[in-house]
Amino acid sequence: MELESMPKFLEKKTILVTGATGFLAKAFLEKILRVQPDVRRLYLLIRASDLASATQRLHNEVIGKDLFRIVQEKWCANLDSFISEKVIAVPSNVYYENLGVKDCQLRKDMWTELDIILNSAATTRFDERTIDGVISAYGKGKLKCFLGHHETIFDIIPADMVVNCMIVAMVAYANQPYEIILHVGSSWRNPIKFSRFRNVIVRYFAENPLFSNNGKSIRVENVTVLSSMASFRAYMAIRYLMPLKVFQIANAVICQYYQDSIIDHKRKIKSVIRLAELYKPFVFFMGRFDDSNTEKLQMATSESGVDSHLFGFDPKCIDWEDYLMNTHIPGLIKYALKI
Ligand SMILES: NC(=O)c1ccc[n+]([C@@H]2O[C@H](COP(=O)([O-])OP(=O)(O)OC[C@H]3O[C@@H](n4cnc5c(N)ncnc54)[C@H](OP(=O)(O)O)[C@@H]3O)[C@@H](O)[C@H]2O)c1
């Protein structure tokens with residue numbers, strides 16, 4: 001392991017990143033450009049039909065984002081020259097041979113220069129991020145009930161810890177002939193249970209309510225938690241679907257006067273049922289993920305004196321209340337939430 005020389009190891013290295021417009025790859029790229037601007041080159045594979053659209057996506061969806069604010073401020077007027085010196089946008093589609101990179105010379109250059117590959121291209125089907133759909137729905141006052149077990153552990157972890165672990169692993173396992181799997185999570189070392197998670201969310205929105213489009217603060221209530229899918233369906237039927245049926249019949253008698261309101265109710269009910277179906281496999285999952293390899297790497301990292309502020313990924317350091325109240329939810333509201 002060459003951990004002592006972090007981030008020196010990355011100096012003059014060439015890295016290829018697939019899925020460069022994605023959530024994790026962007027966080028990785030930002031970290032590299034911030035902590036090791038002397039990296040030799042970053043080839044960013046971007047799903048695009050030609051160079052012009054790949055370059056446009058690089059600027060609009062990656063470098064231009066607020067995530068890169070520190071890098072933007074550091075390089076200021078020299079940002080464009082810094083980026084064009086270090087970063088090459090490569091139009092690609094990883095479904096195809098040679099990752100869909102059509103330019104033969106570029107392919108040859110990449111294959112010869114490459115030191116590290118980060119494969120982050122994926123078809124993700126999170127309707128909304130990892131647990132954020134539930135938080136948003138609750139804050140917007142759209143979630144009155146949900147299903148879950150108070151003992152269920154949510155295996156969540158801040159993305160910057162995942163990125164730190166990826167970078168440390170690149171250094172630690174460079175040139176190792178064997179494959180190693182590192183699971184970066186919190187369920188073993190610092191588990192957060194559903195009940196605690198729910199209490200923090202409820203407290204956050206009670207103290208910091210969202211505002212609707214008409215400027216009124218949105219009042220949130222405690223969510224009714226149902227501990228099985230059957231009880232959830234029964235609750236939805238009695239509490240919402242049956243009254244809606246009655247409302248529909250009455251509305252037909254008065255010539256559909258409340259049709260808009262009925263459509264709105266239907267949409268809200270559908271959204272809650274959809275969220276419940278989406279999260280069903282997770283909210284009753286009682287397993288935990290083995291992260292012993294990650295723990296070993298983390299211990300080696302601290303023994304080597306690597307700056308834990310810069311490259312830490314020890315889940316035990318997370319104070320969940322503080323993280324959710326002061327970082328995660330405010331970030332979600334600022335960057336991702338649409339009222
Ligand atoms: N985010 C998390 O919380 C999380 C948690 C655990 C594991 N992971 C894993 O980490 C990996 C990355 O996740 P993510 O959250 O960064 O995903 P993401 O935000 O959905 O990004 C996926 C990236 O892959 C690209 N892509 C998809 N199909 C492609 C293709 N055929 N050719 C080229 N590029 C293609 C997407 O390009 P477009 O922009 O063109 O769609 C996008 O840049 C996934 O394997 C995911 O399962 C993520």
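Order of appearance sets the numbers: ligands from 1, and atoms from 1 within every ligand.
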Undergrad: Both conditions, 6.0 Å and 45 degrees, for the charged tip of Lys140 above the ring of Phe205: are they met here?
TA: no
Undergrad: Below 4.0 angstrom, N of the basic side chain to O of the carboxylate: do Lys280 and Glu277 qualify?
TA: yes
Undergrad: Hey, which atoms in ligand 1 end up nearer than 4.0 Å to a heavy atom of Thr130?
TA: 2 (C), 3 (O)
Undergrad: Show the atoms of ligand 1 that are less than 4.0 angstrom away from any heavy atom in Arg57.
TA: 38 (P), 39 (O), 40 (O)
Undergrad: If I apply the N/O under 3.5 Å rule, does Phe23 come out as touching ligand 1?
TA: yes
Undergrad: Would Ser92 count as a polar contact of ligand 1, with the cut-off being nitrogen or oxygen pairs under 3.5 Å?
TA: no
Undergrad: Taking the minimum heavy-atom distance to atom 27 (C) of ligand 1, which of Ala121, Gly19, Ala122 ranks first?
TA: Ala122
Undergrad: Relative to atom 36 (C) of ligand 1, which among Thr21, Ile131, Asp132, Leu118 owns the nearest non-hydrogen atom?
TA: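 The residue whose heavy atom sits nearest atom 36 (C) of ligand 1 is Thr21.
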Undergrad: Select one of side chain, backbone, both or neither to describe which atoms of Glu61 lie under 4.0 Å from any atom of ligand 1, heavy atoms only.
TA: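 Near ligand 1, Glu61 shows nothing, with every heavy atom at 4.0 Å or more.
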Undergrad: Report whether Tyr257 and Ile262 are members of the same hydrophobic cluster (ILVMFWY, side-chain heavy atoms less than 4.5 Å apart, transitive linking).
TA: yes
Undergrad: Any cation-pi pair here, Lys86 with Phe82, using under 6.0 Å and within 45°?
TA: no
Undergrad: Over 60° means perpendicular and under 30° means parallel, so classify the ring planes of His265 and Phe247, tilted if in between.
TA: perpendicular
Undergrad: Would you mind listing which atoms of ligand 1 come within a distance below 4.0 Å of any non-hydrogen atom of Tyr95?
TA: 31 (N)
Undergrad: Could you tell me whether Leu24 and ligand 1 have an N or O pair separated by under 3.5 Å?
TA: yes
Undergrad: Could you check if a side-chain atom of Ile15 sits within less than 4.5 angstrom of a side-chain atom of Phe28, using non-hydrogen atoms only?
TA: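 They are in contact (side-chain heavy atoms under 4.5 Å apart), so the answer is yes.
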Undergrad: Hey, which atoms in ligand 1 end up nearer than 4.0 Å to a heavy atom of Ser120?
TA: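 Counting from 1, the qualifying ligand atoms are 12 (C), 22 (C), 23 (C), 24 (O).
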Undergrad: Is Ser271 close to Arg267 at the side-chain level, that is, under 4.5 Å between some pair of heavy atoms?
TA: no
